[in-house]
Amino acid sequence: MTKQDRTAKKELTPAARDYTINLHKTCHKIQFKKKAPRALREIKKFAQKNMLTDDVRIDTEVNQFVWHKGIRNIPRRVRVRLSRKVDKEGEGESKFYTHVGLVTVDSFKGLVTEKSRNQ
């Protein structure tokens, strides 16, 4: 195995995973009137880092969940399903985009990152 083989990027494929994002930790010491917009930016940044795509599309359910208690009282945690999908329109330079959907849970206790069954 040559050095070039080891350093070559893996080819991206469609995938879906469930994550719990701790918004309380990411938005600590943020001004009240900027908390909800910052939380959405942090979700987008988290999705870009974990799914390796620049194009991230946040579902309206996630937006409503973050904003449902107002701009300053964001939920402590949010469970999201990150789905890397093929971009059929192909307007961007990337072939893939990430869709961020909401996963409703009763409790966050004992949840781990897991591959999602449906994509």
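Considering only residues two or more places apart in sequence or on other chains, Arg57 meets the side-chain contact (heavy atoms from CB on, under 4.5 Å) condition with Asp55, Asp87, Glu89, Tyr97. By the side chain to side chain donor-acceptor pair (under 3.5 Å) test, Arg79 is found to be paired with Thr20, residues two or more places apart in sequence or in another chain being considered. Residues forming a side-chain contact (heavy atoms from CB on, under 4.5 Å) with Thr26 (at least two apart in sequence, or on another chain): Leu23, Glu42. Legend: residues meeting side-chain contact (heavy atoms from CB on, under 4.5 Å) with Asp59, ordered by chain and number and at least two apart, are Glu61, Val62, His99. With sequence neighbours excluded, the residues that form a side-chain contact (heavy atoms from CB on, under 4.5 Å) with Asn73 are Lys69.
Leu40 and Ile30 sit in two unconnected hydrophobic clusters of ILVMFWY residues. Membership requires side-chain heavy atoms under 4.5 Å apart, directly or through other members. In the hydrophobic clustering of this structure, Ile71 groups with Ile74; members are Ile, Leu, Val, Met, Phe, Trp, Tyr whose side-chain heavy atoms approach within less than 4.5 Å, directly or through other members.
A pairwise comparison of heavy atoms in Ala47 and Val100 identifies CB-CG2, 4.1 Å as the closest pair. Ala36 approaches Gly70 most closely through the heavy-atom pair CB-O, 4.3 Å.
In Lys44, the NZ atom is not crowded: 12 or fewer heavy atoms of neighbouring residues, nucleotides or ligands sit closer than 6.0 Å.
With Thr98 as the fixed residue, the side-chain contact (heavy atoms from CB on, under 4.5 Å) test singles out one of Asp54, Val56, Leu52, Asn50: Val56.
Using modelled atom types, one side-chain atom of Arg84 and one backbone atom of Thr13 make a donor-acceptor pair closer than 3.5 Å.
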Just distance, no hydrogens or angles: give the donor-acceptor pairs under 3.5 Å from side chains in residues 101-111, sequence neighbours left out.
unit_1 : atom_1 : unit_2 : atom_2 : d
Ser107 : OG     : Lys109 : N      : 3.2

